[in-house]
Every structure is written in structure tokens, then in C-alpha cells.
Amino acid sequence: MIDKFIMFGAPQIEQAEIDEIISAMKSGWIGTGPRVAGFESEFAVYKSVTRNRVAAVNSCTAALHVSMIAAGLKGGDEVITTPLTFCATVNSIIHAGATPVLADIHPDTMNINPAEIEKMITPRTRAIVPVHYAGRSCDMDSIKQLAEKHSLKVIEDCAHAIETEYKGQKAGTIGDYGCFSFYVTKNVMTGEGGMVIAKKEKDIERIKILALHGMSKDAWDRFSDNGFKHYQVVECGFKYNMMDIQAAMGIHQLRRVEANWKRREEIWNRFQEAFEGLPLTRPMEPEPDTRHALHLYTILIDEKTAGFTRDSFLDAMHRKKIGTSVHYLSIPEHPFYRENYGFDPAHFPVARKTGRETASLPLSAKLTDNEVDYIIESVRGIFSGKK
Ligand SMILES: *Cc1c(COP(=O)(O)O)cnc(C)c1O
């Protein structure tokens with residue numbers, strides 16, 4: 001037994017970001033300022049895009065929302081996305097005034113299935129929102145092909161996909177927009193935070209305005225010592241800007257992104273090896289010519305093969321003081337979407353089955369070798385009946 005609870009998605013926090021936050025506070029500038037600008041620059045370098053193609057915001061939900069507005073979505077437009085995602089993907093489509101349409105996933109990759117997307121395209125379809133589930137890249141060639149054929153925008157939900165690559169291209173730079181999350185449990189975290197990458201610099205200019213009340217000059221320009229600048233409100237924007245206190249964390253988190261990825265790769269490989277032969281389905285290995293961000297390690301538990309349900313597995317893990325999570329109960333299982341959009345879980349059978357069988361194990365770079373051993377022992381114990 002271990003002495004303390006293993007938290008799911010524990011952030012890996014080091015002295016560097018603690019010191020940086022203190023410096024930000026001592027500098028007196030804690031709002032949107034030089035640290036946000038620095039974080040944007042380093043993120044652009046990491047993603048191999050120019051500085052003018054990125055904008056930091058205060059969440060991935062905000063990033064998705066402003067990207068969809070920049071994409072020109074309006075009432076009556078349809079946007080196709082996956083049923084196996086976090087509710088924010090779908091909510092941001094609705095907030096942009098459009099109508100979400102779901103296309104079922106592929107059972108092996110758990111990513112949106114391009115053949116299913118094609119079936120859902122109508123004359124009203126305007127965009128596709130692929131989610132790189134768990135950090136595995138979607139089939140972007142097929143998605144781009146469909147987008148070109150039907151003149152659709154592609155907005156990548158990269159909440160799991162900071163390190164993801166697809167055929168030499170970095171996730172978030174393949175579609176028209178890429179939206180990232182720095183929520184506490186994500187691979188790079190700022191507490192709350194997000195980033196947009198856009199194909200066109202003009203879109204980033206608009207997104208920066210939309211993310212700060214619709215004001216035409218950002219706060220840093222307004223209050224810097226280059227003389228007073230008046231701002232003008234040019235559209236009805238939102239309050240989506242990132243603070244320097246958040247960026248202070250992000251800068252150092254991003255500098256460790258590769259080291260943390262390597263640590264998660266070790267843990268992932270240990271899980272893959274240790275769970276071979278157990279009556280569960282392990283994640284498929286990353287496809288050739290792609291890089292998996294290894295954000296989530298998910299197993300599937302089929303009650304008939306395992307002899308117990310997914311939920312009883314989660315309870316058993318909890319009793320062993322191991323935090324787990326579910327990514328995700330499929331979107332049509334939630335009453336809001338069923339009642340307002342008529343989604344029926346039975347129409348998305350692969351997502352429904354996956355959502356009912358999936359369990360995510362801790363995969364934080366913060367896990368010690370002892371904790372990894374303990375998680376492995378516990379999972380093996382549960383599957384061999386020693387619940
Ligand atoms: C976490 C997450 C989001 C939302 O990110 P926030 O930064 O919390 O707004 C969106 N989509 C997916 C797939 C996520 O996992």
C-alpha cells in the first residue's frame with residue numbers, strides 16, 4: 001500500500017515557475033504583459049510558426065470560441081465534431097451560434113472517423129473540429145481532403161495534443177486554427193490557460209481583439225511608456241485574455257515539455273508491457289509517421305471479458321488510493337445535447353461503447369517509479385480477481 005492518494009493528472013510544478021510568479025508579482029505587472037508575450041513567442045518557436053500566428057487566451061474553450069467566430073460561423077451553420085470529447089468542444093460550437101453535428105469515431109484510434117464525417121456533410125456544413133484524442137493525431141489527410149472538397153474550415157482541438165505531430169506537421173498547424181489547453185491536468189499547465197494558432201496572421205489580429213472586449217489596442221500597448229493610446233471598441237468581444245501570472249507558469253512548463261514527454265513515454269511503455277495478456281484493451285501503439293502526445297493512457301474494460309464493469313474497476317482503484325478518470329462518456333449520453341439536438345447514443349455506437357468502457361490511468365510526469373509500480377500491481381491485482 002502507498003501512504004498518500006495518487007492524484008489523477010497531478011501537475012508537475014517546480015521551483016522555476018514558483019520563482020517566476022513571485023517575480024511577476026513583485027514587478028507589479030500581473031495582468032496581460034511581457035510574460036504573456038514571452039510565452040507566446042516560446043510557444044510559436046516550439047510549434048515552428050511565426051510569432052504573429054499565435055495568441056494566448058485564458059482557456060482552450062475560449063480559444064475554440066474565438067476561432068469559430070474568426071472562421072465566420074453564424075446561425076444555421078453546421079459544424080461536425082466527435083462524440084468522444086470534452087463538452088467544451090461542443091459548447092463552443094453552440095456559443096459561436098452554430099449547430100453541432102456528430103460523426104462517430106474509429107474504434108482503434110478513438111478519433112473521429114473521416115468516413116463518418118463524409119456521411120454527415122450537408123449544404124449547411126461549414127467546419128470540422130477534429131479532436132486529437134489522448135494525444136493521437138486524427139487522420140488529417142482525409143479530413144483536409146474533405147474540407148477542401150466542401151470548402152470547410154478545420155479547427156483542431158489540440159487540448160491533448162501539444163507534442164502531437166502528423167507526417168512531419170505539428171498539431172494545430174495543419175488546419176485553419178489550432179486550439180490548446182493549459183488546464184491543470186494538461187501536458188503544459190498554467191492553472192487555466194489556452195492558445196490559438198491560426199494559419200492567417202489577420203485571424204490572430206482579430207482573435208486578439210475578440211479576446212479583449214473587442215478593443216483595438218491591447219492593454220500592454222495602452223499602459224506602456226510609449227505615450228497614451230486611446231482604444232476603440234470595434235466589436236463585441238469577450239474577456240478571454242491570459243494573465244502574466246499564468247504565463248509565468250507556462251514559460252517554465254513549456255521548457256520542460258520534452259523532458260516530461262519522455263518521462264510519460266517511459267510510464268506508457270511500462271503500462272503497455274505490464275498489461276499485455278490481461279482481459280482489457282490497451283491503447284493502440286502510435287501510427288507510423290506520427291508522434292503521440294501521450295496525454296492519456298486509456299484502457300477499455302468490457303464487462304463480458306473482464307468479469308466486472310468499468311465503474312467497479314474505477315471504484316476498486318479508488319479504494320487502492322489511485323485517482324482515475326473517464327475520457328469521455330459520449331456527448332449524446334448527456335441530457336442537454338439529447339434534449340436540444342436530438343442526439344441519440346445509439347446513433348454513435350462506437351463512441352457509446354468506448355465511453356462506457358474506457359478508464360484513464362494516472363500518467364503524470366510527476367509519478368515516481370514506486371507509484372508506477374504500485375499502479376501496475378493494483379491493475380493486475382484487480383484483473384486477477386484480487387479486488
Ligand atoms: C480540456 C479540454 C478542453 C477545454 O480546455 P480548457 O482549457 O479547460 O477550456 C477542450 N477540449 C478537450 C478535448 C479537452 O480535453
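It should be emphasised that the depicted structure is a prediction, and the values quoted were computed from it without experimental measurement. Atoms within a ligand are numbered from 1 in the order they appear, just like the ligands themselves.
- Residue, atom and distance of the protein heavy atom nearest to atom 2 (C) of ligand 1 are K186 NZ, 2.7 Å.
- No more than 12 heavy atoms of other residues, nucleotides or ligands shown are found within 6.0 angstrom of CD on Q232.
- Distances below 4.0 Å separate heavy atoms of T89 from the following atoms of ligand 1: 11 (N).
- Salt bridge absent: E371 and K366 never bring a charged side-chain N and a carboxylate O closer than 4.0 Å.
- Heavy atoms of H327 stay at 4.0 angstrom or farther from ligand 1.
- The local environment of CE in M25 is sparse, with at most 12 non-hydrogen atoms from other residues, nucleotides or ligands closer than 6.0 Å.
- The single protein non-hydrogen atom nearest to atom 9 (O) of ligand 1 is T61 OG1, 2.5 Å, given as residue, atom name and distance.
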- Message: Applying side-chain hydrogen bond (donor to acceptor under 3.5 Å, both in side chains) to S92 and H65, what does each step give before you reach the verdict?
- Response: CA-CA 5 Å; S92 49; H65 186 195; over 6 Å; no
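- Residue C60 touches ligand 1 through backbone and side chain together, judged by heavy-atom distances below 4.0 Å.
- For ligand 1, the atoms lying closer than 4.0 Å to a non-hydrogen atom of H160 are 13 (C), 14 (C), 15 (O).
- Proximity to Y328 (heavy-atom distance under 4.0 Å) selects the following atoms of ligand 1: 13 (C), 14 (C), 15 (O).
- Near T85, the atoms of ligand 1 lying under 4.0 angstrom from a non-hydrogen atom of the residue are 13 (C).
- Ring geometry, F86 versus Y328: the interplanar angle falls from 30° to 60°, so the pair is classed tilted.
- Remark: ligand 1 and Y183 share no N or O pair separated by less than 3.5 Å (distance only, no angle test).
- Each of the following atoms of ligand 1 lies closer than 4.0 Å to a heavy atom of F86: 2 (C), 3 (C), 4 (C), 12 (C), 14 (C).
- Here the protein heavy atom with the shortest distance to atom 12 (C) of ligand 1 is A159 CB, 3.3 Å.
- At least one heavy atom of G193 sits less than 4.0 Å from an atom of ligand 1.
- An N or O contact shorter than 3.5 Å is missing between L64 and ligand 1 by distance.
- Shown in contact with V131 at under 4.0 Å from a heavy atom are these atoms of ligand 1, numbered in order with element: 13 (C).
- Atom NZ of K199 sits in a crowded spot, with more than 12 heavy atoms from other residues, nucleotides or ligands closer than 6.0 Å.
- By the 4.0 Å N-to-carboxylate-O rule, E201 lies too far from R206 to be salt-bridged with it.
- By the 4.0 Å heavy-atom criterion, F180 is excluded from the residues contacting ligand 1.
- The closest heavy-atom contact to atom 13 (C) of ligand 1, among the options V129, D157, T82, L84, comes from D157.
- Listed for the D157 side chain is no donor-acceptor partner under 3.5 Å among the backbone atoms of H132.
- Ring geometry for H334 against Y337 counts as perpendicular: the plane angle is over 60°, on a 0 to 90° scale with 30° as the lower cut.
- Within the cation-pi definition used here (under 6.0 Å to the ring centroid, within 45° of the axis), R256 does not qualify as a partner of W261.
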